[in-house]
Amino acid sequence: MQPTLGKILIIDDNEDVLFSAKMLLKRHAQQVLIEKDPRKIPFLLNHDTYDLILLDMNFTEDISSGNEGFFWLKEILARDPSAVVIMITAFGDVEMAVRALKEGATDFVLKPWQNEKLIATLTAASRLKSSYKEISSLKKTNSALASQLNQNVELVTGKSPAMQQLLHLMHRVAKTDADVLLLGENGTGKEVIARALHQESARHDKVFITVDMGAVTETLFESELFGHKKGAFTDAKEDRVGRFEMANGGTLFLDEIGNLSLAMQAKLLTVLQRREVIRVGTGQPIPIDVRLICATNIPLQQMVAQGQFRQDLLYRINTIELHLPPLRNRLEDLPLLVDHFLQRYAQKYKQPAKSLSEAALDRLRRYDWPGNIRELEHVLERASIISENHVLQPQDFFFLRVQQHALQADTASQTHNLDEVEKATVVKAMSKYDGNISKAAKELGLSRASLYRRLEKYGL
C-alpha cells in the first residue's frame, strides 16, 4: 500500500500508546517519529518539519485538565502556524474539544481510539495540510508572477491620453491598501492591471489569488470563498481553505463581480465589513487581511438603480474606480502592442519575429476592435502562424466582425438601398476570401485601392 500520510510526529508520555500508534500508522505514513517528553518539541520543530502532529493533552504533571496540551499546542503553532495538530486524550469532553479547535487544533480524538476512525481523521487532516502547502507554493511562485507581469509591461504602458490618465491614477493607488474596482469592456486587460496594482503594492511579496465570480455557482459560493469543515455538507469529505484565507496578507482579485446574485452579494458584504471569514460547518471566525480588487464589464451603477446590485457593497468595493479604455480609444498604442505580441509569438512558435507593413498597421487602425486587446492577440497570433511573409500585409489579417457581417449579408441583400447592397457585396467577398484584399478586389472587379476606400467607408 502506498503511504499517504507523509511524516507524522506523535507526542505522548505513555510508551504503550506510542508503540501501538506507531505500529498502526507506519503502514500508512512515510515516516512515524515518537517522543514521550513534550519539552523536546522546540528542538524537534527547529530541526525538522512534519505533515501531521499527534499531541497528547495530558502529561504526567497534569493528569486531566489538558492545560499542558494547550500550552504545547500554542508552542507548536507559534513556530509553525500551518502545522496540522490533532489532540488526543483519555479524558476528553465536548468543551475541551471545542477549546482545542478554537486554539488552533485541526481535530480531536479520544483514546483508546478506533483504528479506522483514527486513520480517517489523519487522512482528512493530511488533505488540509496539502491545502496549506498549496498556499505556501503560491507564495513561493509569486516571483514568477512578477516575471510574467514584466513580460506584459507593454500592456500597462501607453502613449495614448486615455492610458496616460489611467496609469497616472494606477501608480498613485497601487501603493495604498485601498480597494479598487476595475471597469471596462471585455478584453481590455483588467487582470493585467490588477496584477500590476499588486506588484507595485506593499503586498508584492505575498500571494495574488484570482477568482472568476462568473464561474462560481450559488451553492458553492461560501465553500469556494470562505472554506468549509469536513462534513459540513454532503460532498465535504475534507477540510478546505477558502480563497479569502488563501489570499490572507496578499491580494484577492474577484473578476466578473457583477454576476453575483443578491444573496451572494450579502454574504460577501458581511465578510468585507467584519474582515473575517467563517468556514462552512464551523462557528469560528478567522481574521483575514486582504487587499481587494474587483472587476466587471457591467455598469454596476445601473444595476444598483435596477435593484440588481447592493449599493452598500458597491460603496465597499469601489474606494477607487479605474476605467480601462477600449482599444479603439487608444489606437496610438497599437504599434507598441503589436510589437509585444509578435515578439511573444515568435518565442512561442520558435520562429523569427515578424513585423507589420504600414498598410497592415493602417488596416488595424481602421478596425473598431469589439474584442479589444484579447481580439488583437488572437488576430496577431493567427497571422503569425498562417502567413509565410516576414512582413505581415493587410491580407494576412482576418477579423471576426467581418465574419459577423457576412452572416447578416442575406438580410441586407433584400434591401434596395445602394450603399447597403454594396456593403453586403463587399462583406461577402471579404468573407469568401478570408480577408485577402487582392482576391476580394479581383472578385469585385475593383482595384486594391478602391476596395480599401470602400472598407474604410463602411467601417469594415
Side chain proximity check, Leu122 to His28, heavy atoms < 4.5 angstrom: no
Heavy-atom side-chain contact between Met246 and Val207 under 4.5 Å: no
Distance in Å, Leu322 CG paired with Leu166 CG, rounded so as to fall on 0.5 Å steps: 6.0 Å
N/O donor-acceptor pair under 3.5 Å between Asn372 side chain and Asn186 backbone: yes
SB check Glu381 Arg344 (cutoff 4.0 Å): no
Ring-ring centroid check Tyr367 Phe397, cutoff 6.0 Å: no
Backbone of Ala266 reached by a side-chain donor or acceptor of Thr270 within 3.5 Å: yes
From CG (Asp56) to CE (Met87), nearest 0.5 Å: 8.0 Å
Salt-bridge criterion met for Asp312 and Arg316 (N-O under 4.0 Å): no
Note, Leu342 side chain near Leu392 side chain (heavy atom, < 4.5 Å): yes
Over 12 non-hydrogen atoms of neighbours within 6.0 angstrom of CD in Gln284: yes
Min side-chain heavy-atom separation Pro335-Leu361 under 4.5 Å: yes
Closest approach of Asp205 to Ala202 (non-hydrogen atoms, all atoms of both residues): OD1-O, 3.9 Å
Main-chain N/O of Ser387 paired to Lys354 side chain as donor or acceptor, under 3.5 Å: yes
Arg99 NZ/CZ over Phe70 ring centroid, <6.0 Å and within 45° of normal: yes
Donor-acceptor contact present, side-chain Asp12 to main-chain Leu18, <3.5 Å: no
Side-chain heavy atoms of Val216 within contact of Val211, under 4.5 Å: yes
Minimum-distance pair of heavy atoms, taken over all atoms of Ala178 and Thr319: CB-CG2, 4.0 Å
Enclosure of Arg274 CZ (heavy-atom neighbours >12, cutoff 6.0 Å): no
N-O pairing of Lys7 and Asp48 below 4.0 Å: yes
Chi angles and distances behind the side chain to side chain contact (heavy atoms under 4.5 Å, CB included) call for Ile8, Asp51: CA-CA 6 Å; Ile8 301 177; Asp51 295 295; over 6 Å; no
Straight-line distance of Ile193 CD1 to His198 NE2, nearest 0.5 Å: 14.5 Å
Test item: Asp212 side-chain N/O and Gly214 main-chain N/O as donor-acceptor pair under 3.5 Å: yes
Verdict with supporting geometry, Glu200 and His171, side-chain hydrogen bond (donor to acceptor under 3.5 Å, both in side chains): CA-CA 8 Å; Glu200 289 190 32; His171 293 316; 2.9 Å; yes
Short side-chain to backbone donor-acceptor contact, Glu35 and Ile10, under 3.5 Å: no
Inter-residue atom distance Leu225.CG - Arg243.CZ, 0.5 Å rounding: 8.0 Å
Trp369 side chain vs Arg374 backbone, donor-acceptor pair below 3.5 Å: no
Single hit among His228, Arg279, Arg240 for side chain to side chain donor-acceptor pair (under 3.5 Å) with Ser223: His228
Basic-acidic side-chain contact under 4.0 Å: Glu358, Arg365: yes
Side chain to side chain contact (heavy atoms under 4.5 Å, CB included) evaluation trace for Ser355 with His390: CA-CA 7 Å; Ser355 60; His390 291 299; over 6 Å; no
Straight-line distance of Glu191 CD to Ile293 CD1, nearest 0.5 Å: 10.5 Å
Option among Thr106, Leu73, Ile11 that satisfies the side chain to side chain contact (heavy atoms under 4.5 Å, CB included) test with Ile53: Ile11
Side chain to side chain contact (heavy atoms under 4.5 Å, CB included) between Phe221 and Thr219, intermediate numbers included: CA-CA 6 Å; Phe221 175 79; Thr219 53; over 6 Å; no
Test salt bridge (charged side-chain N to carboxylate O under 4.0 Å, His left out) applied to Asp333 and Arg330, step by step: CA-CA 6 Å; Asp333 301 326; Arg330 48 174 300 206; 3.0 Å; yes
Atom of Leu380, atom of Val338 and distance for their closest heavy-atom approach: CD1-CA, 3.9 Å
Whether Asp179 side chain and Leu292 backbone form a donor-acceptor pair below 3.5 Å: yes
Side-chain heavy atoms of Phe309 within contact of Gln302, under 4.5 Å: no
Smallest separation among heavy atoms of Met303 and Gly258, with atom names: CE-O, 3.5 Å
Close side-chain approach of Gln351 and Ser384, heavy atoms under 4.5 Å: yes
Interatomic distance, Ile257 atom CD1 to Leu313 atom CG [nearest 0.5 angstrom]: 5.5 Å
Derivation and outcome, side chain to side chain contact (heavy atoms under 4.5 Å, CB included), residues Leu262 and Arg310: CA-CA 7 Å; Leu262 287 171; Arg310 295 180 62 113; 4.2 Å; yes
Minimum heavy-atom distance between Phe244 and Val290, given as atom pair plus value: O-CG1, 3.7 Å
Gln393 versus Ala360, closest heavy-atom pair with distance: C-CB, 3.7 Å
Enclosure of Gln114 CD (heavy-atom neighbours >12, cutoff 6.0 Å): no
Basic-acidic side-chain contact under 4.0 Å: Arg328, Glu185: yes
Reference residue Asp289; test side chain to side chain donor-acceptor pair (under 3.5 Å); the match among Arg275, Lys206, Arg203: Arg203
Whether Gln265 side chain and Gln308 backbone form a donor-acceptor pair below 3.5 Å: yes
Main-chain N/O of Leu336 paired to His340 side chain as donor or acceptor, under 3.5 Å: no
Leu183 side chain near Thr296 side chain, heavy-atom distance below 4.5 Å: yes
